[in-house]
Amino acid sequence: MSALGKTAAVIVTFNRSAKLMKVLDALDGQTLRPDVILVVDNASTDDTQALVEARAQDDARIRYLRLAQNVGGAGGFHEGLKAAYRLGAHYFWVSDDDAYPQPDAIERLVQAITAFEAQHEWRPSFACSRVEWIDGSLCEMNTPRPVWDWPRFLTARTPWALVDSASFVSILIPRWAVEQHGLPIADYFIWFDDAEYTRRLSRSYPGIFCPESRVIHDTPDNRGVNFALVDEKSLWKFKYGARNEASWRRRERGRMGILAFAYGVHLQMKGGNVPWKLRREIFRAIARGAVFRPGIVKV
Amino acid sequence: MTSMTALAPVGEETAQRIEREIQEIVAIYSRLYPTQALSFLVYQGKDPVWGAPVVTEGAFTFQPEHLNAEFLGQVDRPGAHPGAPVVTVQVSIPRKPLPSESRQMDAPWSPMRRLRALYRLSPLAYETVRYQAEMQRKRRAGGHSHQPLPRGDGSALLAAPAPAQQDQRPAILIGMHWLEVGGAEKLGFDTIRWALEAGLRVFVAAGVPSIQRLADRLPDHPDVTFLRLDRYLPHPLWPRYVENLARAENIRLIHIHHCRPLYESLPQVRARLPWIRVIDSTHIVEHADGGFPRSSGVWSGFIDLHHVISRELVDYYRDRFQIIGQVRLGRMLERGGHPASLPEPNMQPGKKRLQVAFVGRLYYQKRPIVLVEALRALSDWARRNDVELAAKIVGEGPFLDAVRALISRYGLADRVALLPADAPVPEILRQSDILLLPSNNEGLALVCYEAVEQGCIPISTDVGSQAEIVPKDLLVPLAPRACVKGIVAAVDRLWRDADFLSRQREALVRSWTAITSDPTAKDVLMPVYQKAAAGLQE
């Protein structure tokens, strides 16, 4: 267990200044305030920069990294984690610009990860919060994936399940994990970057799901990531998701992995009665993913 | 301390100078090595600024070259106890500068050997080649790091060092680049005065060895001490010296003005003296490598407050280093003392006599050759338009001879007057219609500001933060030919177009008003100094 606990919050934002300010308010109210708050701005065209600047005038913890262009959430988290790592932080609390951590969310994550290490000697590669939607229900898209022996250390007093995949919404990553496994893949642009990254981190040891740390994800609706839900409006995102996951499956499980993935996607889309025109687009994205091999950048 | 063995016979003045310098050297190394036995091998220096110190920690073995022709003798300072470890310092006493060196450190400028023929043929073509080379360097400058150095704050498990009880009044260490003429140095001298005013004792050191011509302008005050580290202390030894100085003299604040060895001392300061507050002031982003603002950003994890003089620098720290809250804009202007409103411009449309001015050091940064080319082009323009043109160039520097020769070559000697640096600038600006600044780079040239207050309209290259004071239509490109053309076009339009002139005046009033309402450097720094003087921690 480390005696060092410099914590950097990394928030990636794009054109959602009002929500971002609520996130910064929530960080201000934390029982364990991050030592650094790095706002990564994906070249917003709204008043994000002015509002962050005004706030940072009185809060030297806030740093503002404005990217030259919108490189998507994946690129933003890649750049943000890289910058925060270089600032010497020992824990990185990574989150979206529309997720409001409850006052003790970060403290609970830090406590959980350090207590887990102290009690079990294993080092969790991350700790993630329970992400709730605005009505208090579980946020579908931010549901972590448990490993087969998820309850191994779970008790009534330490309710931490082992998970190997989580989203970039209130997740605490220790420095050693970044050192060992590198940064999120920027080339993914959007979707599956968090799943790929946390699965990569989990090669050392799974992460832990900490239900006592809560965060409210202020999304327009509470939809999961399921190819049955593909429609015209969301097609572009699903295409990124299909390409990125196909690429990951190719890397981890070879060609058979892609075929299994494509079959699973096919069943989901069939179940959701997705129009054939959109299905073709998704399959094309999977085919692109078969030859898409982005590199992993180490710190 | 044993006396020197080989000083006499020499003139009294030389002996006194050597004695004085040796005292300085012994004081510096006694601070650095308070308990060790110090042995100084003293040499007669060949250059006027640098003592070329070489420090050997441990037993020293003499070699023939240690007793060379410049060997003056030895000075020993016993250690704190008989078995104290020995430190040997080989150091030269810089010779007295020649009168020509005292006047001007840099040799007169001459074109590069390989491009001399080109310069003879066309000075503007020569400048263009130089400009292109510099822009190429700028493009390659991306390789310089813009990453802040990571800094660990340590764990609460281990207690951080705490200051010892001190009886002495708090002090400040002000690190300058050097004590020569320059914008950063002007601010450095201002801060020395403000620190005294705040009640701090002031230690001043310079990072670059030079004659330090302005050393005699340091306040003649018992609380001001100029440490000649620039001459006698190698940069790698600064950190330990700074630590010992800070402990002995109750230094509470370090203010860095473009002083590289002080930046390099920051890890020592942060590790050993975490209670000391560190501030720095930066002025100009250099084309080639970002200059001191880049260094400052790289060291930002070790610095509490970055004072900057322009909005360009505020943006630079934000965009390149993601820092906002630690950066404070403080203009290099006096609070008050400004006119309530600006006078009408001296320039009037269709004016028959046009007076042009240039004020600045004649160094490449100000591009004196481009200036003369602009004056030549303006002279042609004036002849075509039946205008009588006169120009005054105020300033000195290595380009003076080249400027004089070029003025003569272009037949401008009857229209262009060369004036010394101490010429009355406000009066000259009051008599001038146009101020030319064809600079290669600027922070925010104060002379523009002075010009505006005297009714003189500045025309400047679009570099640094000049856009904060000079209206867009009066900013000209940096490329030499385009710069000359741009200056003539701007003057022509001001001279012909009354509406244009009026719009420029309005824009100048706006920018002048905005700048005067910004905090001044003193507004930003004085509270920090006063807190340090009162012994308060942030």
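In what follows, chains are A, B, ... by sequence order, proteins preceding strands, each numbered from 1.
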Open item on the list: Please check this pair: side chain of B/Glu243 against backbone of B/Pro239, looking for a donor-acceptor N/O pair closer than 3.5 Å.
Closed with: no
Task: Single hit among A/Tyr188, A/Trp191, A/Phe189 for ring pair (Phe, Tyr, Trp, His ring centres under 6.0 Å) with A/Tyr240 - done: A/Phe189
TODO: Would you check if there is a donor-acceptor pair between the side chains of A/Glu53 and A/Gln57 at a distance under 3.5 Å?
DONE: no
Open item on the list: Between B/Tyr529 and B/Trp194, is the ring centroid distance below 6.0 Å?
Closed with: no
- [ ] Examine whether an atom of A/Arg66 lies under 4.5 Å from a heavy atom of chain B, and if so say whether it belongs to the side chain, the backbone or both; otherwise answer neither.
- [x] neither
Task: Heavy-atom proximity to chain B below 4.5 Å, by part of A/Ile62 - done: backbone
Open item on the list: Is B/Leu149 in contact with chain A via its backbone, its side chain, both, or neither, using a 4.5 Å heavy-atom distance?
Closed with: backbone
- [ ] Could you tell me which portion of B/Arg318 (side chain, backbone, both or neither) has an atom closer than 4.5 angstrom to a non-hydrogen atom of chain A?
- [x] both
